Amino acid sequence: MSSNKEKKTVTVADRPILKNKLYLYITEFFAGMSVMAVELGASRLLAPYFSSSQIVWTIIIGTIMIAMALGNIYGGRKVDKNPNPDRLYGRIIFAAVWIALIPVAGKYVILGISGLLVFTINTNFLVIAAFAACMIIFVFPLFLLGTVTPSLCKYTMDSLDDSGKVVGMLNASNTIGSIIGTFVPTFISIPAVGTSITFLIFAGILLLLALVYFVTSKTFVKKLPVAMVLFLLCCIFGHSGSFAFWQKHLTVEDESIYNYLQVKEEDDRVILSTNVLFGVQSVYLKEKKLTGMYYDYAMAAPYMAGIYEKDRPLDVLILGMGTGTYATQCKRYFGEMYVEGVEIDQKITDLAHEYFDLPEEVPVATYDGRAFLNALSSEHWKKDAEFGTADRKYDVIMVDAYQDITIPFQMSTSEFFTLVKEHLRADGVMVVNMNMRGTTAGDDRKDRITDYLSDTIASVFPEVVTVDVMNNTNREVFAGNVGLIDRFRKNLASEKDPELTAMMQKVEEGCQVYTAGDHIMTDDKAPVELLGMEVIDEMIRDEVAYYKKIYEEKGLSGLLDSI
């Protein structure tokens, strides 16, 4: 009983380090910093499984705010009942260990949650699974960090006369920490050392904060040595940075400011994947042949732009260059052609040169696609001889910046497509790769993401032609002035390459002039995430239908045997 009573009567006065308010402000600073670092790390941990769309970000922010609010309430009540600062720094130890465990166990928790939900949920899988993962992985440590501010208010405040000043200083410390905790992971730690080590760095900071407190207080806490051992184990087993553990023998698994990146080399090809649930973003065939993917279909655009009618090379701009598969194929099959690209992620461009044989003479601007178009009219770009022609007009503009559900809304609106049209020559063609047309056979719905995008394009261009990629969920959309199919056929007749001719004949068979509807997206209203989520749900159902059937017929043992 005497031990319990002693613990209950411990106050700030009994802890010399807390008599200096600077340490309390430092605690607040690093708590705020760690919260933001964990939030940014959460987006990277979830990206390979649930994408990095606005929906996932909304779930992350929402769950973290829930955790912080509950932590504020709990911390305030606890510190009023028992103002022992040992309890606060004990909670910080728990938070530090939990954060350190995230890179070790996080991906297995996500796999378990997804495995349970995928067999029981038919709609909104992405939302429910991501929310459940966030609640289990991130809420508890951030709940504990949420108790910091109300506790420190109690310890820092000498009287009501300075209450406003104290609360203001604590909030300022937390906010400044949060600001730094936002910029450091994004621009320094995640690109430099990865998400896993970023979690470990901030867990270590919190653990050190608690260690300093207990050492200077000359107080032995059993949980501290245990926490240090666990932290060291996490440093040993949690620094690999390998999140997508279903992919083996990756050539590159890396992170940039914008993306989680995978490069996988197979016998006949090299593949790039980024932040995706399914599929690949770029592919390079070592035999230098057509890929059999949407890039081949998109090569109809130069024919529609009259490649064999012109006495000059075509000017081609690719928005969303990736590793340059389309650029490489255009240069290979059409010979003399000026091709330039725009890719927001410099690391992807570096990978393109290192692993995907992107020609050095193809310039790539590290820029957002829409921002690049906006900048073309400036004097700076006109004088920059490295990129393109002086008048900044193109024969073909390819838009290939859509990744599963992560369709950038600013590149899906009527304003964006109007900007593209302004940078096309009179007989120029825009080709857009859409990768979520849906998989349900016979579905004639006109409210899918591809229909919204096609309707929006049709509101800007006089003619729109679509063709579905065989055995795939991609759809290529060609837009320009009327007569696209006739010009395509006319120029195709002049093609001498038999492989390319055979491919284009397949494209011709699938070409359809699009009948426009009224689903038009604007900068003010472009619900691309919600529309994309519907198709993602459908794709997930199709992916797991086979395993669901086995589970229903043979139970869990049969399912495990099939896997």
Side-chain angles (χ1 to χ4, degrees), residues 269 279-285 287-310 314 316-320 322 324-335 337 339 394-402 420 424 427-439 441 450-451 453-454 457-458 461-516:
R269 66 189 62 201
V280 300
Q281 272 53 65
S282 294
V283 63
Y284 167 68
L285 292 187
E287 292 185 5
K288 303 185 186 304
K289 294 183 177 180
L290 291 173
T291 64
M293 300 174 67
Y294 73 85
Y295 312 100
D296 304 346
Y297 287 70
M299 290 178 72
Y303 297 102
M304 294 181 180
I307 186 170
Y308 292 123
E309 298 175 17
K310 292 179 167 57
L314 292 189
V316 178
L317 174 65
I318 304 170
L319 302 178
T325 302
Y326 187 65
T328 301
Q329 289 198 168
C330 284
K331 297 283 284 185
R332 181 185 303 147
Y333 285 95
F334 295 123
M337 174 183 283
V339 182
Y394 299 93
D395 299 291
V396 174
I397 295 179
M398 183 182 189
V399 180
D400 190 18
Y402 304 159
V420 172
L424 282 171
D427 57 354
V429 176
M430 176 185 73
V431 54
V432 180
N433 174 48
M434 301 179 185
N435 56 349
M436 290 196 300
R437 74 170 191 267
T439 57
T450 47
D451 298 311
L453 286 166
S454 299
I457 293 169
F461 287 88
E463 185 171 271
V464 173
V465 174
T466 66
V467 57
D468 290 344
V469 179
M470 293 179 62
N471 303 316
N472 206 299
T473 60
N474 290 64
R475 172 176 294 168
E476 301 307 295
V477 177
F478 304 91
N481 289 319
V482 294
L484 292 179
I485 295 180
D486 289 340
R487 200 178 307 126
F488 170 63
R489 290 169 177 162
K490 180 180 178 182
N491 283 267
L492 179 58
S494 301
E495 181 57 60
K496 299 295 190 291
D497 188 292
E499 181 190 17
L500 192 55
T501 299
M503 182 68 241
M504 290 302 103
Q505 287 172 346
K506 290 182 180 179
V507 175
E508 182 183 4
E509 292 172 2
C511 280
Q512 294 183 346
V513 176
Y514 183 77
T515 302

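The structure presented is a predicted model; accordingly, all values stated were derived computationally and were not measured.
- Side-chain atoms of T291 and T325, non-hydrogen and from C-beta on, do get closer than 4.5 Å to each other.
- Interatomic distance, CG of N471 versus CE of M293, reported as 12.0 Å (0.5 Å rounding).
- Contact annotation: the side chain of V431 never approaches that of Y294 to less than 4.5 Å [non-hydrogen atoms, C-beta and beyond].
- Every side-chain contact (heavy atoms from CB on, under 4.5 Å) that K506 has, sequence neighbours left out, goes to M503.
- In this structure, the side chains of F478 and E463 stay at 4.5 Å or more apart for every pair of heavy atoms.
- Side chain of K331 to backbone of M337: a donor-acceptor contact under 3.5 angstrom is found.
- With sequence neighbours excluded, no residue satisfies side chain to side chain donor-acceptor pair (under 3.5 Å) with Q505.
- A side-chain donor-acceptor contact under 3.5 Å links K496 to the backbone of S494.
- Looking at E495 and Y333, their side chains never bring a donor and an acceptor atom within 3.5 Å of each other.
- Y284 meets the side chain to side chain donor-acceptor pair (under 3.5 Å) test with K288, D357; sequence neighbours excluded.
- Applying the side chain to side chain donor-acceptor pair (under 3.5 Å) test to T466 and every residue at least two apart in sequence or in another chain returns nothing.
- Counting heavy atoms from C-beta on, the side chains of V432 and I457 come closer than 4.5 Å.
- The closest side-chain heavy-atom distance from L319 to D400 is not below 4.5 Å.
- A donor-acceptor pair under 3.5 Å links the side-chain atoms of R487 to the main chain of M304, judged by distance alone.
- The salt bridge (charged side-chain N to carboxylate O under 4.0 Å, His left out) search around D296 returns none, not counting sequence neighbours.
- Between the K310 side chain and the A305 main chain, a donor and an acceptor come within less than 3.5 Å of each other.
- Under the ring-ring contact (aromatic ring centres under 6.0 Å, His included) criterion, F334 pairs with Y303, sequence neighbours left out.
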Item to complete: Run the numbers on D427 and N481 for side chain to side chain donor-acceptor pair (under 3.5 Å), then give the verdict.
Response: CA-CA 7 Å; D427 57 354; N481 289 319; over 6 Å; no
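- Counting heavy atoms from C-beta outward, Y295 and S282 have side chains that approach closer than 4.5 Å.
- A donor-acceptor pair under 3.5 Å is absent between the side-chain atoms of Y297 and the main chain of M504, judged by distance alone.
- Taking 4.5 Å as the limit, some side-chain heavy atom of M434 sits within range of a side-chain heavy atom of V477.
- Between R475 and V469, the closest side-chain pair of non-hydrogen atoms is not below 4.5 Å.
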